[in-house]
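Structure first, then comments.
Keep in mind the model is a prediction, meaning the values are calculated, not measured.
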Amino acid sequence: MNTQKYRRNPVLAFPERTWPDREIEKAPIWCSVDLRDGNQALVEPMNVEEKTEMFELLLRLGFKQIEIGFPAASQIEYDFLRMLVEKHMIPDDVRLQVLCQCRQDLIDRTFEAIEGIPNVIFHIYNSTSTLQREVVFKKDREAVKQIAIDGTRMVKKGLSGYHGNLQLEYSPESFTGTEVDYALEVCDAVYKEWDNATGQPVIINLPATVEMNTPNVYADQIEWMSTHLAHRDNIILSVHPHNDRGTGIACTELALLAGADRVEGTLLGNGERTGNIDILNVAYNMFSQGIDPELNLENINEIIEICERCTKMDVDMRHPYAGKLVFTAFSGSHQDAINKGEAAMKERNDGIWQVPYLPIDPADIGREYEPVVRINSQSGKGGVAFVMDSVYGYKLPKKMQREFADVIQRISEQEGGEVKPEVIMKNFRAQYLDLKDPFELQYVDINDNLGDDTASVHLDFKYLGKAYSTDAEGDGPVDAAKVAVRQCIPEIDFTVEDYTEHALSGGSHAKAAAYIEIKDQRSGEVSFGVGVSSNITRATIRALFSAMNRMVMRSKDYV
């Protein structure tokens with residue numbers, strides 16, 4: 001690879017930086033540019049119906065600043081903007097942002113487009129980078145600065161015919177490739193020319209039009225500008241990062257540490273080249289740290305569905321927060337940690353989310369628990385146990401988890417790929433709940449009020465197709481049932497090693513699940529059984545019969 005072909009981009013010498021010692025403490029002002037940056041980046045730009053649906057989504061999400069596009073340069077965007085005005089679709093507390101080059105004809109046309117909109121951000125820009133000055137405009141620093149000054153003057157002049165509330169935004173496009181002292185010179189000149197024309201703060205937007213260096217360099221540039229702008233107290237400092245180097249999110253977060261007040265971006269990061277920054281990503285990062293993102297982001301599935309339909313672009317399975325697999329663990333060790341984290345959190349019961357591998361609760365953004373742990377041949381007992389608990393409510397005893405996980409792993413290895421929760425449950429029923437061979441329990445009547453922990457039981461059951469009816473007493477219902485079975489089938493010899501139970505569902509029709517572990521006295525092998533009933537004692541007897549069936553099935557001694 002010919003590395004000699006490239007030169008390092010210069011970095012800013014700024015030892016006075018303070019951003020590394022700061023923390024993000026509140027949400028910035030958000031501005032969605034989905035209808036401009038996100039739209040112009042599409043192979044097939046959105047039609048009016050799709051633009052309308054996207055606009056309505058942005059309103060529901062709580063955006064108060066939304067950039068529409070270039071109404072002076074695009075008839076579609078002009079017509080869309082006028083439709084929003086004529087149909088009274090713009091809430092009073094929302095500012096629409098329009099973008100315009102510093103040309104008189106375009107500025108005049110833009111003022112025509114925004115007539116009737118109560119609150120507008122008029123966004124002008126010109127590229128100031130060293131490279132573009134040299135190869136695109138072939139102008140020196142003074143000439144390029146004059147473009148910005150003239151554009152500001154044109155907007156200021158146009159105020160006389162506009163009857164709404166207008167705020168100026170200026171962007172030195174390609175800021176990351178611009179010398180900071182020159183970027184400052186241009187921005188200060190714009191502010192001076194504007195001369196507080198509307199009595200509102202000026203938005204100075206510093207775009208990483210192309211990412212050119214590591215995020216710390218961008219943060220230094222932002223803080224340097226923040227500390228050197230002549231009228232910082234009357235300026236809203238905004239950033240508009242892109243993602244050419246794959247560090248757009250880091251650039252955004254470090255820029256916020258460095259003094260940025262406002263962020264322009266798109267939902268899911270759609271934009272030119274590698275995209276704009278993903279506002280959802282930054283907002284959910286804040287949320288995971290206990291900071292209110294000040295957007296309504298509780299239903300990520302709706303956001304994904306509308307964005308995919310309107311942009312005709314699919315969200316990657318590993319996209320942060322939004323991807324189908326980002327809250328998913330296939331690895332056995334990860335699944336085990338998630339399972340234990342969930343259990344510990346329930347036991348702690350302090351309302352604080354702390355689960356390994358899950359930085360936020362998927363349910364908080366509209367995701368269900370079912371896909372959090374997904375089972376394949378790489379999964380372990382913890383994952384199977386998590387699915388059985390979180391999806392179906394069965395809290396398998398620890399020793400039983402391995403036994404059932406082995407069953408599921410064999411299925412995955414035989415069939416290949418993922419084993420869905422419904423397949424896991426189907427096999428759970430087949431392996432434990434629905435076993436009727438060689439034992440089939442037909443009727444049980446239990447009296448455990450005899451005192452001294454003694455219980456009596458009447459059993460009707462079949463063994464290898466032959467019917468039996470018997471009564472017995474024992475030290476509790478399980479022991480009584482064991483005695484009753486051995487009276488009829490003496491070769492069935494086992495001890496009860498462990499027993500657990502829990503409520504399976506709430507409400508007046510709640511069921512109980514019971515688990516029994518028995519040891520075959522002939523082979524020494526351990527078998528588990530599961531029973532379910534609205535009566536806990538009956539569930540226990542069913543669990544015993546389930547365990548006996550599994551014991552017989554696994555042992556040649558009973559064949």
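Nearest heavy atoms, V144 versus S127: CG1-O, 3.5 Å. The two residues A219 and A258 come nearest to each other via the heavy atoms O-CB, 3.3 Å. In terms of heavy-atom proximity, Y78 sits nearest to P71 at CB-O, 3.3 Å. Closest approach of N285 and E253 over heavy atoms only: ND2-OE2, 2.9 Å. When all heavy atoms of T110 and A72 are compared, the pair lying nearest together is OG1-CB, 3.3 Å. The two atoms that bring I29 and I236 nearest to each other are CD1-CG2, 4.1 Å, heavy atoms only.
For the pair Q200 (side chain) and L166 (backbone), a donor-acceptor distance under 3.5 Å is present. S412 places a side-chain N or O within donor-acceptor distance of the main-chain N or O of G417, the cut-off being under 3.5 Å. Side-chain atoms of Q335 come within 3.5 Å of backbone atoms of A329 as a donor-acceptor pair (strictly under, hydrogens ignored). Between the side chain of E115 and the backbone N or O of E112 there is no donor-acceptor pair closer than 3.5 Å. A donor-acceptor pair is defined here as one N or O able to donate and one able to accept, closer than 3.5 Å; no such pair exists between the side chain of S74 and the backbone of F70. Side chain of E25 to backbone of I291: no donor-acceptor contact under 3.5 angstrom is found. D292 contributes a side-chain N or O that, together with a main-chain N or O of E294, makes up a donor-acceptor pair within less than 3.5 Å. Side-chain atoms of E179 never come within 3.5 Å of backbone atoms of T130 as a donor-acceptor pair (strictly under, hydrogens ignored). Between the side chain of Y170 and the backbone N or O of I149, no donor-acceptor pair lies under 3.5 Å.
Under the 4.0 Å criterion applied to side-chain N and carboxylate O atoms, R232 and D261 are assigned as salt-bridge partners. D150 has a carboxylate O that lies under 4.0 Å from a charged side-chain N of R153, or vice versa, which qualifies the two as a salt bridge. Here R109 does not pair with D105 in a salt bridge; the nearest charged N to carboxylate O distance is not below 4.0 Å. R95 and E169 are not joined by a salt bridge, as no carboxylate oxygen comes within less than 4.0 angstrom of a charged side-chain nitrogen.
The shortest distance between side-chain heavy atoms of L59 and P91 falls below 4.5 Å. You'll find the side chain of I360 stays beyond 4.5 Å of the side chain of R367, heavy atoms only. Contact of the I306 side chain with the R60 side chain is registered, since non-hydrogen atoms from C-beta on lie closer than 4.5 Å. Side-chain atoms of H123 and I203, non-hydrogen and from C-beta on, never get closer than 4.5 Å to each other. Annotation: side chain of L57 is in contact with side chain of L267 (closest heavy-atom distance under 4.5 Å). At a threshold of 4.5 Å between non-hydrogen side-chain atoms, the residues D364 and F287 count as touching. When side chains are defined from C-beta on, I68 counts as touching L84, because their heavy atoms get closer than 4.5 Å. Two residues are said to be in side-chain contact when any heavy atoms from C-beta on lie closer than 4.5 Å; D93 and K64 meet this criterion.
Here the straight-line distance linking atom CG of L81 with atom CD1 of I76 works out to 13.5 Å at 0.5 Å rounding. The structure places CZ of R17 at 14.0 Å from CD1 of I222, a figure rounded to the nearest 0.5 Å. The line from SG of C187 to NE2 of H231 is 12.5 Å long, rounded to the nearest 0.5 Å. For the atom pair CZ (R141) and OG1 (T128), the distance works out to 10.0 Å, reported to the nearest 0.5 Å. Taken from CH2 in W194 to NZ in K156, the straight-line distance is 8.0 Å, to the nearest 0.5 Å. A distance of 10.5 Å separates CD of E193 from CE of M154, quoted to the nearest 0.5 Å.
Counting non-hydrogen atoms of neighbouring residues, nucleotides and ligands closer than 6.0 angstrom, the CD atom of E49 reaches no more than 12 such neighbours. Within 6.0 Å of CG on L184 lie more than 12 heavy atoms contributed by other residues, nucleotides or ligands. Within a 6.0 Å sphere centred on CD of Q75, heavy atoms belonging to other residues, nucleotides or ligands number more than 12. The local environment of NZ in K312 is crowded, with over 12 non-hydrogen atoms from other residues, nucleotides or ligands closer than 6.0 Å. More than 12 non-hydrogen atoms from other residues, nucleotides or ligands lie less than 6.0 angstrom from CG of N2. Within a 6.0 Å radius of CZ in R8, no more than 12 heavy atoms belonging to other residues, nucleotides or ligands are found. At most 12 heavy atoms of other shown residues, nucleotides or ligands fall within 6.0 angstrom of atom CD in E23.
With 3.5 Å as the limit, one finds a donor-acceptor pair spanning the side chains of D278 and H319. A donor atom on one side chain and an acceptor atom on the other are found under 3.5 Å apart for Q104 and D108. If you check the side chains of Y125 and N205, you find no donor sitting under 3.5 Å from an acceptor. T176 and Q221 share no side-chain donor-acceptor pair at under 3.5 Å. Neither side chain, Q97 nor R36, offers a donor N or O lying under 3.5 Å from an acceptor on the other. Defined by atom type and a distance below 3.5 Å, a donor-acceptor pair is missing between the side-chain atoms of Q132 and E173.
Ring pair F80/F55 is perpendicular by interplanar angle, where above 60° counts as perpendicular and below 30° as parallel. Ring geometry, F122 versus F111: the interplanar angle falls from 30° to 60°, so the pair is classed tilted.
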Donor-acceptor contacts, no H, no angles, side chain residues 210-217, under 3.5 Å, sequence neighbours left out:
{"residue": "E211", "atom": "OE1", "partner": "D244", "partner atom": "N", "Å": "3.2"}
{"residue": "E211", "atom": "OE1", "partner": "R245", "partner atom": "N", "Å": "2.7"}
{"residue": "E211", "atom": "OE1", "partner": "G246", "partner atom": "N", "Å": "3.3"}
{"residue": "E211", "atom": "OE1", "partner": "T247", "partner atom": "N", "Å": "3.3"}
{"residue": "E211", "atom": "OE1", "partner": "T247", "partner atom": "OG1", "Å": "3.4"}
{"residue": "E211", "atom": "OE2", "partner": "T247", "partner atom": "OG1", "Å": "2.6"}
{"residue": "E211", "atom": "OE2", "partner": "G248", "partner atom": "N", "Å": "3.3"}
{"residue": "N213", "atom": "ND2", "partner": "N9", "partner atom": "O", "Å": "3.2"}
{"residue": "T214", "atom": "OG1", "partner": "N216", "partner atom": "OD1", "Å": "2.6"}

*Step-by-step salt bridge (Lys or Arg N to Asp or Glu O under 4.0 Å) determination, K340 to D336*: CA-CA 6 Å; K340 289 174 179 175; D336 185 59; 2.9 Å; yes
*Could you go through the salt bridge (Lys or Arg N to Asp or Glu O under 4.0 Å) check for K324 and D314 one step at a time?*
CA-CA 11 Å; K324 293 180 180 178; D314 294 332; over 6 Å; no
